[in-house]
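Input: a single structure, listed below in structure tokens.
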Amino acid sequence: MNKVLSCGKPQLVDIQDTSHRVWILQDKTLIAVPRKHLTTPATIALISCRHVETLKKDRGNSVYLGLEKPKLCVFCEKVEEQPTLQLKEQNIMDLYHQPKPVEPFLFYHNQSGRNSTFESVAFPGWFIAVSSQGGSPLILTQELGKVNTTDFGITMH
Amino acid sequence: MQNELPLVGQPFAFNCTYPPITSGEVNVTWYKNSRTPISKNIQSRIHQDQTWILFLPLAWGDSGIYQCVLKGRDSCHRIHVNLTVFEKRWCDDGSRNDLPNLSDEYKQILHVGKDDTLICHLYFPKSFVLDSITWYKDCKEIKGKRFTALGIMLTVNNVSTEDIGNYACRARLTHTGKQYTVLNGITVNTTEITGYGGNIPKIIYPKNNSIEVQLGSSLIVDCNITDTKDNTNLRCWRVNNTLVDIYYNESKRIREGVENHVPFQEHILYTVNITFLEVKLEDYGLPFMCHAGVSTAYFILKLPAPDFRVYLIGGLIALTVVAVSVLYIYNLFKIDIVLWYRSSFHSPGTVEDGKLYDAYVLYPKPLRESQSHAVDTLVLTIMPEVLERQCGYKLFIFGRDEFPGQAVANVIDENIRLCRRLIVIIVPEVLGCGLLKNMSEEQIAFYTVLIQDGIKVILIELEKIEDYTAMPESIQYLRQKHGAIQWSGDFTEQSRCAKAKFWKKVRYHMPPRRRPSPSPVQLLQHTPRSHREGRWKDGTGFVTH
């Protein structure tokens, strides 16, 4: 049961929402789908940014989010003036070892009970979300608790 | 490619979306097998409704690959869905006991000890109206106070492991006046993980304490932290508000170690160490900070209090070394020191000990001419020259100072008692056959020395004596007790000087020096009268010569 993590190794987790939907990778897109027996959740790699002193502390831990395989990382970018969530080929450990925080790839991870939110560091007020129903892609939203759900649960591997 | 496993006879809907979509600007078209566009006639069993594809209901022949094409202003995306229609055995079909096919079953997890919810996933366009949902567990309809159905949710109060089981929800939907039924099977499990993030991690060690450490030594300090499960808190060591790995990036003298964690029921115990390959002076007094999320704690290095035992032992060793050195030097220059001391501080004058002579010289009379000559030269010429004339000693030399006709035994016995030292000249046994042997002179002398032990003996070897075992036992004893001085063997002028090495040794063994160069008469005048009278009733007058 005892696990040994080497210094600076990402935490591997499953992420699901309160509607029993899990994150899966499909066509280079992260989508949340109702979990079925045949569903293989994407293994999410998660690691805290070492440069906490340069980031706001009251918003939660700043973390990089990526996939274990393939080496993709989640980042935020403006498309047609709207912050959007994207995946990019990127080794999460390269981000971790950067001498400065790489803000587009960073999210404030805020935990309350067993619910977690992921707020973009580059676009404060914008959260990772999925629409309330069905299988739907992960998006960025600034409308909390309405059509979209921004609360997720983390299950450590 | 997305795989869907809907049930035959049930309505099925799939929405074509791609982020970021802004409705209105996107044109969506559904195709079957990439070629046949899907009808947009809502009366059709399979048709497209805006971005959706609807099967009302599914038939066996509907299996296949469906494709939706999203055309934006300057983008185009295709999404593929692989539809596999199959039949679901339900509790109603009690007669058929096939193995349950779980492939389309939903998987949901409830948290033990909490209130939690199950979801009946129904993903249809808004034109579908949900009439009612009935929930089943293990083919029985769920009833009871712990369960509350609301919309697509079933809330389970105070979840326990007994809630594990095969659930199903049966939903009735109405669309354009027609009623449809959807049946979803759900496999429910429970989890007992109770610790969740959001709490403040606790640093058990360090405790803002100081650590005593020797300069130059290596050191490993653990930071022990308890934190809740599933936390994403960063744990690290910092110095001067910089990560130690970055602060000591070049020297790598101080490094953060491997993080270990041990999970417990309620929390996780983390350990992160900091390793000093070598503690340097600049490390003392600097706070090394362990961070765990918002919590921090530091330790400071301190020089250890001096250990007095070490100083004490060091001091004693130094003292011993000095003492040994002094002793060694003294032994090396003992003779010179003593002779210098005597010449500097010893007041000239006779000692009131009742002795008349400083030394009695006992020597053999070898038969061989050369040896006999050597002995005579040493005893009768050189010795008086050095010890009497240069050093002022008074010697009794048998053969020079006795009176003719006097009883030999008496004279020797009495004269030896009047001497402070006994100088014995010895020659190798092989050369001087009959050395002192059986001579009363020798026997009396040794009787006086060995039995009464009143006189110190100075043994002088005329030549190097290889084998003492051939010597009389008395000589062996004296050799062992007092050692021997070896005559240099040369009769040059140099050897007749009191400062020659040989004579220094002899003088060292002699009593403190007499006055320099007194005449025998003068010396006698200084001798206390009582001695002459007391000891020499018969021969006083002769001795004064």
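Just so it is clear: chains get the letters A, B, ... in the order the sequence lines come, proteins before strands, and each one is counted from 1.
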> How far does CD1 of B:I119 sit from CZ of A:R21, to the nearest 0.5 angstrom?
Replying inline: 8.5 Å
> Does any heavy atom of chain B fall under 4.5 Å from the side chain of A:V13, the backbone, both, or neither of them?
Replying inline: neither
> NZ of B:K202: more than 12 outside heavy atoms within 6.0 angstrom?
Replying inline: no
> What residues form a side chain to side chain contact (heavy atoms under 4.5 Å, CB included) with B:T51, not counting sequence neighbours?
Replying inline: B:N15, B:V28
> Going through the checks in order, is the side chain to side chain contact (heavy atoms under 4.5 Å, CB included) test met by A:R35 and B:I186?
Replying inline: CA-CA 10 Å; A:R35 186 172 194 169; B:I186 306 165; over 6 Å; no
>> Any side-chain to backbone donor/acceptor pair from A:S48 onto B:T232? Under 3.5 Å, distance only.
In response: yes
> How close do B:I268 and A:M156 get, heavy atom to heavy atom, and via which atoms?
Replying inline: CD1-CE, 4.1 Å
> Can you tell me if CD on A:Q98 sees more than 12 non-hydrogen neighbours from other groups inside 6.0 Å?
Replying inline: yes
>> Determine whether A:H51 and B:I246 satisfy the following criterion, side chain to side chain contact (heavy atoms under 4.5 Å, CB included), listing intermediate values before the conclusion.
In response: CA-CA 11 Å; A:H51 312 282; B:I246 292 174; 4.1 Å; yes
> Measuring from A:Q16:CD to B:Q108:CD, what's the distance to the nearest 0.5 Å?
Replying inline: 11.5 Å
> Between A:T39 and B:K107, does a side chain to side chain contact (heavy atoms under 4.5 Å, CB included) hold up when you go through it step by step?
Replying inline: CA-CA 9 Å; A:T39 313; B:K107 246 176 110 174; over 6 Å; no
> Between B:T117 and A:T18, does a side chain to side chain contact (heavy atoms under 4.5 Å, CB included) hold up when you go through it step by step?
Replying inline: CA-CA 8 Å; B:T117 54; A:T18 47; 5.9 Å; no
>> So which atom in A:H20 and which in B:I109 form the shortest heavy-atom distance, rounded to 0.1 Å?
In response: CE1-O, 3.2 Å
>> Restricting to side chain to side chain contact (heavy atoms under 4.5 Å, CB included), what partner residues turn up for B:S63, sequence neighbours left out?
In response: B:V85
> Side chain, backbone, both or neither: which part of A:I31 has a non-hydrogen atom closer than 4.5 Å to chain B?
Replying inline: side chain
>> Only pairs of heavy atoms separated by less than 4.5 Å count here; which of B:L234, B:V294, B:D116, B:V272 has the most with chain A?
In response: B:L234
> Between the main-chain N or O of A:S19 and the side-chain N or O of B:H121, is there a donor-acceptor pair closer than 3.5 Å?
Replying inline: yes
>> Can a donor-acceptor pair be found, under 3.5 Å and without considering hydrogens, that links the side chain of A:Q11 to the backbone of B:N231?
In response: yes
